[in-house]
Amino acid sequence: MKISQRLQQINSMISGHYDHIWDCCCDHGLLGMLLLERSAARHVHFVDCVPSLMQALELRLQRFFPADISGLNPHLNLDIDPNLSRHTQWQVHCLDVAALPLAQTSDKDKQLIIIAGVGGELLVDLVKAILAQYPQRHLEFILCPVHHNYYVRQSLTALGLGLKSEHLLEENQRFYEILHVSTIAAPNGLSITATGSLMWQTLDERSLPRAQRYLSQVIGHYLRMPTHKQTPEIIDAYQQQLAQLLSEHSEFECS
C-alpha cells in the first residue's frame, strides 16, 4: 500500500531510539511497519479499536516480520530481553487508546506515543487520559490532528507539555500540523505556541507560499463562521502570525 506523505513525515521526525513506540489509531499499520523496518524501537505497538483491522494487521505482521517473537506470542511479557531477537518486537492491541497498557512496561523505558488522523477534541481527550493515568512517566507524543489545531495547542500547553519539533504539511489539498511534544521540557526550552513557532522558522522560497496559503485559509475559516460563534482572539492571533511571516520574508528579500 502507498505510504502517505503525512506518515512519511511522522516517520522522519522520529530520531534516536525508543524502548516503546505506540502507533495509535494505526489503521492498516503502515507507519508502524516503517518503524519496524528501521528498528526505531525495541517494541513497536499497533493500537486500534477495530477488531477486523487488528486481525488483518496481525496476519500481515506475522507474514512480513515472522522472526518477531512477541508478535507470534501476544501473551509474552513486554519486558522481554531484547537480545532474544535481532528484530524489533511488535504487538497488536485491540483497545481504546485511552487504555494503553504502559503499566506493563518499565518506568525507565523511553516511550513515544503517536496519535494521528483523529479530530482535535478527541486527540486532546486521549492525551489527557494517558497523562492522568501515568502522571510520573516521561512520555513523548507525536500528534497530528485533522482539525482544531489552535485548541489542541492551547490544551497541550495547559497540560504542561513542551515542544520538541513541529512541521506543516500539505497533502491532497489538506493541511496538517504535526507536533512532537514531551512531558519533560526540551533542552531548548521551547513552549507550544497557539499558532506555531518552529514550523515558520525554516521556510524557504518554495515553502513560503504554502505557509501563507495555510494561514489565509485558517483565517478565512474563522471569518466565515456565524458572528456569534466567531472568536476574535483566534482570528487576531492568526492574522498577526501571517503579518509577521510576510514582514520577515520582506526583510529577508531586502537584505
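The shown structure was predicted, so the numbers you read here are calculated from the model rather than taken from an experiment.
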Q) Is there side-chain contact between Leu159 and Thr183, with at least one heavy-atom pair below 4.5 Å? A) no

Q. With sequence neighbours left out, what residues match Gln8 under side chain to side chain contact (heavy atoms under 4.5 Å, CB included)?
A. Ile3

Q.
Working to the nearest 0.5 angstrom, can you tell me the gap between Ile178 CD1 and Leu7 CG?
A. 8.5 Å

Q. Hey, does the side chain of Ser207 reach the backbone of Leu203 with a donor-acceptor pair shorter than 3.5 angstrom?
A. no

Q | Taking every non-hydrogen atom, the tightest pair across Ala98 and Leu126 | A | N-CD2, 3.8 Å

Q. Got a sec, which pairs hit side-chain hydrogen bond (donor to acceptor under 3.5 Å, both in side chains) with one end in residues 130-139, sequence neighbours left out?
A. Thr105-Arg137, Asp107-Arg137, His138-Ser182

Q | Spacing of Gln9 atom CD and His167 atom NE2 [to the nearest 0.5 Å] | A | 3.5 Å

(Q) With heavy-atom distances below 4.5 Å as the criterion, would you say the side chains of Leu190 and Ser197 are in contact? (A) no

Q: Please examine the side chains of Leu102 and Asp109, heavy atoms only from C-beta on, and report whether any two atoms are closer than 4.5 Å.
A: no

Q | Arg213: partners by salt bridge (charged side-chain N to carboxylate O under 4.0 Å, His left out), with sequence neighbours left out | A | Glu170

Q: Report the residues that fulfil salt bridge (charged side-chain N to carboxylate O under 4.0 Å, His left out) with Glu37, sequence neighbours left out, ordered by chain and then residue number.
A: none

Q: Work out which heavy atom in Gly29 is nearest to a heavy atom in Phe46; give both atom names and the distance.
A: O-CE2, 3.4 Å

Q: Examine Leu246 and Val218 and state if one hydrophobic cluster contains both, with Ile, Leu, Val, Met, Phe, Trp and Tyr joined whenever side-chain heavy atoms are less than 4.5 Å apart.
A: yes

(Q) Tell me every residue that passes salt bridge (charged side-chain N to carboxylate O under 4.0 Å, His left out) with Asp48, counting only those two or more places apart in sequence or in another chain. (A) none

Q: With sequence neighbours excluded, give me every salt bridge (charged side-chain N to carboxylate O under 4.0 Å, His left out) pair touching residues 11-30.
A: Asp19-Arg42

Q.
Show me the pairs that pass salt bridge (charged side-chain N to carboxylate O under 4.0 Å, His left out) and involve residues 151-161, at least two apart or across chains.
A. Arg153-Glu166, Arg153-Glu177

Q. Nearest 0.5 Å, what's the NZ-CD1 distance between Lys110 and Ile21?
A. 9.5 Å

Q.
Please find the pair of heavy atoms, one from Met199 and one from Gly196, that lie closest to each other, and give the distance.
A. CE-CA, 4.1 Å

Q | Closest approach of Val152 to Gly120 (non-hydrogen atoms, all atoms of both residues) | A | CG2-CA, 3.5 Å

Q | Contact list for residues 227-238, test side-chain hydrogen bond (donor to acceptor under 3.5 Å, both in side chains), sequence neighbours left out | A | Asp236-Gln240

Q: For the residue pair Ile14 and Ile114, establish whether any side-chain heavy-atom pair is separated by less than 4.5 Å.
A: yes

Q) Quick one: does Trp200's side chain have a donor or acceptor within less than 3.5 Å of a partner on Ala211's backbone? A) no

(Q) Could you measure the distance from the CG atom of Leu143 to the CG atom of Leu123? Nearest 0.5 Å is fine. (A) 5.0 Å

Q. Angle class for the His93/Trp22 ring planes (parallel below 30°, perpendicular above 60°, tilted otherwise)?
A. tilted

Q) Do you know which two heavy atoms are closest between Cys26 and Met54, and how far apart they sit? A) SG-CE, 3.4 Å

Q | Spatial distance of atom CD1 (Ile130) from atom CD1 (Ile113) [nearest 0.5 Å] | A | 4.5 Å

Q | Side-chain heavy atoms of Leu179 within contact of Leu161, under 4.5 Å | A | no

Q. According to a 4.5 Å side-chain heavy-atom criterion applied to Ile, Leu, Val, Met, Phe, Trp and Tyr, with indirect links allowed, do Leu59 and Leu57 form part of one hydrophobic cluster?
A. no

Q) Does Gln5 offer a backbone N or O that forms a donor-acceptor pair with the side chain of Glu171 under 3.5 Å? A) yes

Q: For Tyr214, check ring-ring contact (aromatic ring centres under 6.0 Å, His included) against everything at least two apart and list the hits.
A: Phe175

Q) Does the pair Thr202 and Leu198 meet the rule for a side chain to side chain contact (heavy atoms under 4.5 Å, CB included), with working shown? A) CA-CA 7 Å; Thr202 56; Leu198 290 178; over 6 Å; no

(Q) Applying side chain to side chain contact (heavy atoms under 4.5 Å, CB included) to Leu169 and Cys144, what does each step give before you reach the verdict? (A) CA-CA 10 Å; Leu169 174 73; Cys144 182; over 6 Å; no

Q. Any side-chain heavy-atom pair from Pro145 and Glu121 closer than 4.5 angstrom?
A. no

Q: Determine the minimum heavy-atom distance between Arg6 and Ala116, stating which atoms define it.
A: NH1-CB, 3.7 Å

Q: For the residue pair Met33 and Leu61, establish whether any side-chain heavy-atom pair is separated by less than 4.5 Å.
A: yes

Q | Check: Asn172 side chain, Arg174 main-chain N or O, donor-acceptor pair, under 3.5 Å | A | no

(Q) So, using side chain to side chain contact (heavy atoms under 4.5 Å, CB included) as the criterion, who are the partners of His180 when residues are at least two apart? (A) Met13, Tyr18, Leu112, Glu140, Ile142, Lys164, Ser165

Q) Are Asn11 and Arg38 side-chain neighbours, meaning at least one heavy-atom pair lies under 4.5 Å? A) yes

Q.
How long is the straight-line distance from NE2 of His20 back to CD of Gln91, given to the nearest 0.5 Å?
A. 10.0 Å

(Q) Tell me every residue that passes side chain to side chain contact (heavy atoms under 4.5 Å, CB included) with Arg63, counting only those two or more places apart in sequence or in another chain. (A) none

Q | Those residues that, when tested against Cys49, pass side chain to side chain contact (heavy atoms under 4.5 Å, CB included) (two or more places apart) | A | none

Q: Please check if the side chain of Ser247 supplies one atom and the backbone of Ala243 the other of a donor-acceptor pair under 3.5 Å.
A: no

